[in-house]
Every structure is written in structure tokens, then in C-alpha cells.
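Below, all heavy atoms of this structure are taken into account, side chains as well, without hydrogens, waters or symmetry copies.
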Amino acid sequence: MPTVVISAATFPQTLSQALPSVSVITREQIEQSGVKNLTTLLQRVAGVQITSNGGPGQPATTYIEGFGGIDAGVLVLLNGVPITPEDASGGSNYLENLTTGEIQRIEVVHGNVSAIYGSGAIGGVILITTREGGHKPRAELSMTAGSRNTVTASANASGRIHDTRLQAGVSRYTTAGIPSINPAQSAFVTSNRSDGYHNLTLNGSLVQDLGAHQQLGARAFFSDGRYSYDNQTAGGRTRQSLVQVFADNRIGAIWTSHLSLSRQHTENINLGSFPAAYRSTHIDVLWRNIVRLSRDWTLTGGASRQRQSVTSAGQGGIPHASRTVTAVFAGINGSFRGNELQLNLRHDKFDSYAGSRNTVFAAYGRQLGGGLEAIASYATAFNAPPLGYLYYQSPYWAANPRLKPESAHTTQAALQWSRPAIVARVTLFQTTGGDLWGYGMTPSGLTQFQNIARTRTRGLELTARGAWRKLSYEANLTLQQPLALSTPGQPTLRRLARSIANVDLEYDFGRVSAGLVVHYTGPRPDATYSATFTTIPVTLGSFTTVTLTAGGPISATVRWHVRAQNLLDKRYETAYSYNSMPFGLFAGLTWRPFGL
């Protein structure tokens, strides 16, 4: 069956119909991969690069097409709700704190789609959907164990009682981890012992069918992760939660409406020399509509209102602050005589800060015959600073309530070839960002977030996804030039590669399926510091990792699976002086007594 995506236009389309470039990771692919960490799973997506300060649970940053880090630029939505923290964590979305046990599906939109999703969607959007009850009863228990005392256990059950669908799941992940810091490269390490990580995730949903195309539901999600760092002299804890109630209704023959009320909360506790706690809360009301004007034309539109707040304790340095963001948006998608069009407009207004921002996404596709389609698009975007960027202060740091939103514009040109079992795409892209945030100095010598940077990423992205007989495959190659335009000489942006590639193969032998994942990242510039804090440029070498997976049935209800991670035990870094995961072997069993 053709792959269906929702993220490209907020309503279901086949992957070949979507004008924006989209990658999809299904629940089946998550289970086949055997990967338990979300950041590890995302590394195989086209144009995605992850940098990490060590092993599982350690602070990590996600980049898409050269945007991420302090300039954020990557928007993460959990069940449609932004999980961007309002602290001063430097652009992190705490994805390292999310495991895969309760995730049903991931879609990644490549490129600027602020006109669809609002602030932050400069490099792209990661949409995470949690597991939900189906129409048939289903239950499973899973256990995996392996290297570094790693153990994962999960239980999930779902079913239907009359017109009510229910789901509940729990997963537990623990590992002894690895030493986060390489003592040969850093003078700040106090121990070379391993830094562990422990995560508990809970997920549940209840959906009441009220009639044809009418439903009322509620969802709850909770993730609690604890990590040690530098032999437990530092570390921390991150709790993320989402509670949501929603209603989906059909109003007439062509109009469907979605209304939701959500509360997303993130608590980040940092230990060590400067203990602090940060608590971010988003209360979000969303009304989204889809109107099928005809078989070929669809109108979308709606409004949202979000209350954002942050507070801190200890040496957090952020007073209680809040703001309200109100948005209205509309879009139209359609086709005629071999032409495809998509236009999205959005207006976001911030009370007491930054005024308002207007964004646009416009795309055109032309069918060339033989499954070929030429696609071109233009988009504008903005990224409002978290409240912590505006108000964080300490004896060494000054608040900057006048910090402006970042801005960007993107152009893309693509050639796509699609058949029932394959979608292949070549995309040329360029995104230019202005008013980007960086670390500046005040006249009194204090450090401060300031609008001081300009960047540009140009690149070529090749993707292919399909199946041939018993082989399913996905491959991508990204060649890009992420440049710091505001730095003399316009060097490549720190820690970003100019070349990234992935090959993901899965073959069904009958009683056994086997998988191969190859990941390549090219060399990247980085920096270290001398004893007098002088910057010393360094280069992170290129690396290739190979992962093998296998699995199959033992009986009608029990399956086995095994995963050999980093098979060649390649030693590499995604950030200078921080170790990455070596070879690891993991094996497990899954029992599904019913609902196979």
C-alpha cells in the first residue's frame, strides 16, 4: 500500500502527492530497527544530524538541513503540540529523553513550513504520534537486554469496549551507559566511569465514538528520564508530560473539524556545580478544519491560542515569565490538468513581545509523465526566542527582553519519480537565516543572547523509499554547505557535516527477517578551549557505522529479535571530547497473546 503522510498539508495524502519533502517512520519500522532511543532512530532520516554530549540520555541537539542548536530551527510536535522548552537550554527539545516504546509514528518535514506549524519550523518539523487504541484487541509484552547492562521492558494493551477504544502502555529503559567525556581531550573530566540513564514512560488514550465520523477522546503521556554525568558529580532529570482532550467531528458532507485542549509540561533539573530547575508549560487550544471542495481541491484553516510560561529554582536565573501566542492560518491544495498547487498562510501574534509575524508557503508541481513530477516551492519562517532567552540573568549573564525573532526564507526545486512501490526524489534547497541568536557581550562585559548571526545552507538531497519482492529499502544522501555568513571567511557551521548518507535494507527470508543499516557522516569543524579559554579549532573526522538486525517467530505468539549496533566498533565523535556509542549487542523477546 502507498505510504500515507499527514504532515505536509495537515490532512492525509500519499507520499507521492505531498509537495514538501517528507520522511516517515512507522511503528513496524520502529520494531524492526530494535532502537530504543528516539535520537538514534532519527539519525537515519535524510538531512538529520544529531550531536550528543555522550551516550543515552545525555544532552543532544537535532539539526535538519543545517538548522538546529542555539538557533533552534527544528520544531518538535508531540500529538500536535510543541514541546519546545521555554528555558535557556540552547535550542534543545530534550528528544534524548524520549524512548520509542510508546511511539506509533514519526513524520519529518524537510525545510521551512512555519506557515503550517508556526514558530520554529525553519529547518523542518518532527511530528511524533503516540500509540492509540484500535478497533481490535491487542496486547504485547517485550523484553530486551544487552551490552552495558542495558535492559528494556514494555507492556502495551489496547482494545474496544462497545463504542470506546482504550489503550495503555508502559516502558522502562535502563543502561549503565558509557563515559561521556574523553579525558584525553578534556581537562574538565573528574572520572572516566560510565554515565548511566534510566527512563520510565507511560502512555494512555481513550476515544469514544459518538457516531459516524464523530469522536471524543483524551490522551496522556509522561516521560521521566534520569542521567548521571561525569561519575555522578553532575547529571540531571527531565520530566515531560502531555495531557490532551480532543473532539473530531464531521460537519456536513465535506467539512471535518478537530478541536483540542492540551497542557504540555517540561521540568529539567540540572545537578552539579550550578544546580537549577526549569519548568516550562504550554497550554494550547487548537481548532483545525478540512473542507473537501471537490475530489481535487481541499481547503484547510483554523486558529490556535497558546499560553507559554517558565519558572526556575536554585541557580536557574529565570524569573516567572509568560506570554500568549494567537494564530490564524489557512491553506488550499489542489490539482488540475497535471498541475498541483499548495498555498499556506499564517499570522502569529505575541502579546507583550515582538508584535506579529506573517509566513507563507507556496508550492507548485507539474506532472511530466511516466511518474515524474517537477516541484518548486518558496517559504518564509520565523523563530520566536524562548522566554528563558529573554529573561535569563546571573552575575555573568544579562537578560535581553529586546531579543528579536529569527527569520528565514527557503527555496526548493525537486524532481520526483513515483510508482506504486517506490518514491524517489532529488531536491535542491537553500535556506537563509537572519537575526540568528548568538552569544554577544554587553557594554558592561556580561554575556547575552543577541541577534548577531546570519547563515545559509545550500544543498542537494536524494531520497528513495520502496520495496522489491521481499526486500524493502530506504536510502538517502544529503550534500550541503551550511555557512556562517556573518563570520569572516564564511566557514562551515560548527559541528555540521557537508555530507550525510544512510542505507536501510530489510529482507524477509520467511521465518527470519534481516536488516542492515549503514550511516555515514562527513568531517565537521568544532572547537576546544585552552586553559586560558582561548578557542582552538579542531576537526571531527568522518565516520561510518554499520548495524545489523534480525528477527522472526518462535511460535504463533512469540517473536525473537537481535541487534548488533556499531558492528565494526567505530570510534567517533559528534561533539569534540564527547564519546559516542561503541559496539553493542542486544537481544529480546516479544509476546503477543492476541491481536497479531
Side-chain angles (χ1 to χ4, degrees), residues 4-14 17-18 27 77-83 104-105 107 109 113 115-118 125 127-138 158-168 203-221 242-264 282-307 324-334 342-348:
V4 175
V5 298
I6 298 174
S7 56
T10 71
F11 62 87
Q13 300 173 291
T14 63
Q17 291 175 326
R27 181 65 205 171
L77 302 176
L78 179 64
N79 290 333
V81 181
I83 61 172
Q104 180 66 29
R105 181 183 180 88
E107 295 188 22
V109 185
V113 284
I116 302 176
Y117 294 104
V125 179
L127 299 97
I128 303 167
T129 303
T130 57
R131 301 177 75 170
E132 192 172 279
H135 293 279
K136 296 181 179 180
R138 180 184 177 92
S158 62
R160 183 184 183 98
I161 302 175
H162 301 297
D163 294 327
T164 304
R165 287 176 283 135
L166 303 165
Q167 182 273 338
N203 180 59
S205 68
L206 183 153
V207 179
Q208 178 69 39
D209 291 328
L210 303 176
H213 308 289
Q214 314 284 332
Q215 63 180 21
L216 182 68
R219 301 185 184 99
F221 176 87
L242 173 66
V243 178
Q244 183 178 69
V245 293
F246 63 92
D248 292 313
N249 301 281
R250 172 166 288 184
I251 306 171
I254 63 172
W255 181 7
T256 58
S257 177
H258 169 85
L259 181 64
S260 63
L261 171 64
S262 310
R263 182 185 186 273
Q264 193 279 322
H282 294 160
I283 298 176
D284 185 271
V285 179
L286 172 66
W287 182 44
R288 189 182 296 277
N289 302 274
I290 301 170
V291 180
R292 299 283 186 177
L293 301 175
S294 67
R295 186 184 67 177
D296 298 322
W297 290 91
T298 301
L299 180 68
T300 61
S304 68
R305 184 176 178 87
Q306 185 179 95
R307 184 66 174 174
T324 299
V325 186
T326 304
V328 292
F329 47 86
I332 189 165
N333 295 66
Q342 178 173 342
L343 176 65
N344 294 92
L345 303 172
R346 183 178 175 111
H347 175 80
D348 289 83

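- Each of V245, V81, I283, L242 was evaluated against R263; a single residue qualifies, I283, per the side chain to side chain contact (heavy atoms under 4.5 Å, CB included) test.
- Minimum interatomic distance between T300 and A9 (heavy atoms only, all atoms of both residues): CG2-O, 4.0 Å.
- Side-chain polar atoms of Q167 and N203 form a donor-acceptor pair below 3.5 angstrom.
- Closest approach of G331 to L299, counting heavy atoms only: O-CD1, 3.2 Å.
- The distance from the CG atom of L293 to the CD1 atom of I332 is 6.0 Å, given to the nearest 0.5 Å.
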L78 vs F221, test: side-chain contact (heavy atoms from CB on, under 4.5 Å). Steps then yes/no. CA-CA 9 Å; L78 179 64; F221 176 87; 3.6 Å; yes
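- For Y117 (side chain) and S7 (main-chain N/O), a donor-acceptor pair under 3.5 Å exists by modelled atom type.
- Among residues two or more places apart in sequence or in another chain, the side chain to side chain contact (heavy atoms under 4.5 Å, CB included) test is passed with R305 by T324, T326.
- Atom-to-atom distance recorded for Q264:CD and L77:CG is 10.5 Å, nearest 0.5 angstrom.
- Residues passing the side chain to side chain contact (heavy atoms under 4.5 Å, CB included) test with V243: none are found, sequence neighbours excluded.
- Screening residues 204-213 for salt bridge (charged side-chain N to carboxylate O under 4.0 Å, His left out) gives R160-D209, R165-D209 as the qualifying pairs, with residues at least two apart or on separate chains.
- Here the OG-CZ distance, from S260 to R219, works out to 8.5 Å after rounding to the nearest 0.5 Å.
- Remark: R131 CZ to S158 OG distance equals 7.5 Å, nearest 0.5 Å.
- No side-chain heavy atom of N344 sits less than 4.5 Å from a side-chain heavy atom of R346.
- Applying the side chain to side chain contact (heavy atoms under 4.5 Å, CB included) criterion to A247, with sequence neighbours excluded, gives L216, N249.
- Counting only N and O atoms by type, the side chains of Q208 and T164 include a donor and acceptor under 3.5 Å apart.
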Given the rule in the side-chain contact (heavy atoms from CB on, under 4.5 Å) test, do W255 and R292 qualify, once you have shown the distances and angles that lead to the verdict? CA-CA 7 Å; W255 181 7; R292 299 283 186 177; over 6 Å; no
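- Side-chain contact between R105 and E107: present, with at least one pair of heavy atoms (C-beta onward) separated by less than 4.5 Å.
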side-chain contact (heavy atoms from CB on, under 4.5 Å) between L166 and I161, intermediate numbers included: CA-CA 8 Å; L166 303 165; I161 302 175; 3.7 Å; yes
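- Scanning for side chain to side chain donor-acceptor pair (under 3.5 Å) contacts around D284 gives Q306, with sequence neighbours left out.
- Side chain of N289 to backbone of G301: a donor-acceptor contact under 3.5 angstrom is found.
- Between the side chains of T256 and R250, no donor-acceptor pair of N or O atoms lies under 3.5 Å.
- A donor-acceptor pair shorter than 3.5 Å cannot be found between the side chains of Q104 and R27.
- Every residue meeting the side chain to side chain contact (heavy atoms under 4.5 Å, CB included) condition with A8, not counting sequence neighbours, appears here in chain and number order: Q13, A18, P20, V22.
- Using modelled atom types, one finds no donor on one side chain facing an acceptor on the other under 3.5 Å when comparing W287 with S304.
- Atom CH2 of W297 has more than 12 neighbouring heavy atoms from other residues, nucleotides or ligands inside a 6.0 Å radius.
- For the residue pair Q244 / N79, no side-chain donor-acceptor distance below 3.5 Å is found, with atom types taken as modelled.
- Separation of atoms OG1 (T298) and CZ (F11) is listed at 4.0 Å; rounding is to 0.5 Å.
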Check the pair Q342 / I116 against side-chain contact (heavy atoms from CB on, under 4.5 Å), numbers first and verdict last. CA-CA 11 Å; Q342 178 173 342; I116 302 176; 3.8 Å; yes
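- A donor-acceptor pair under 3.5 Å is absent between the side-chain atoms of Q214 and the main chain of G211, judged by distance alone.
- A distance of 7.5 Å separates CZ of F246 from NE2 of H258, quoted to the nearest 0.5 Å.
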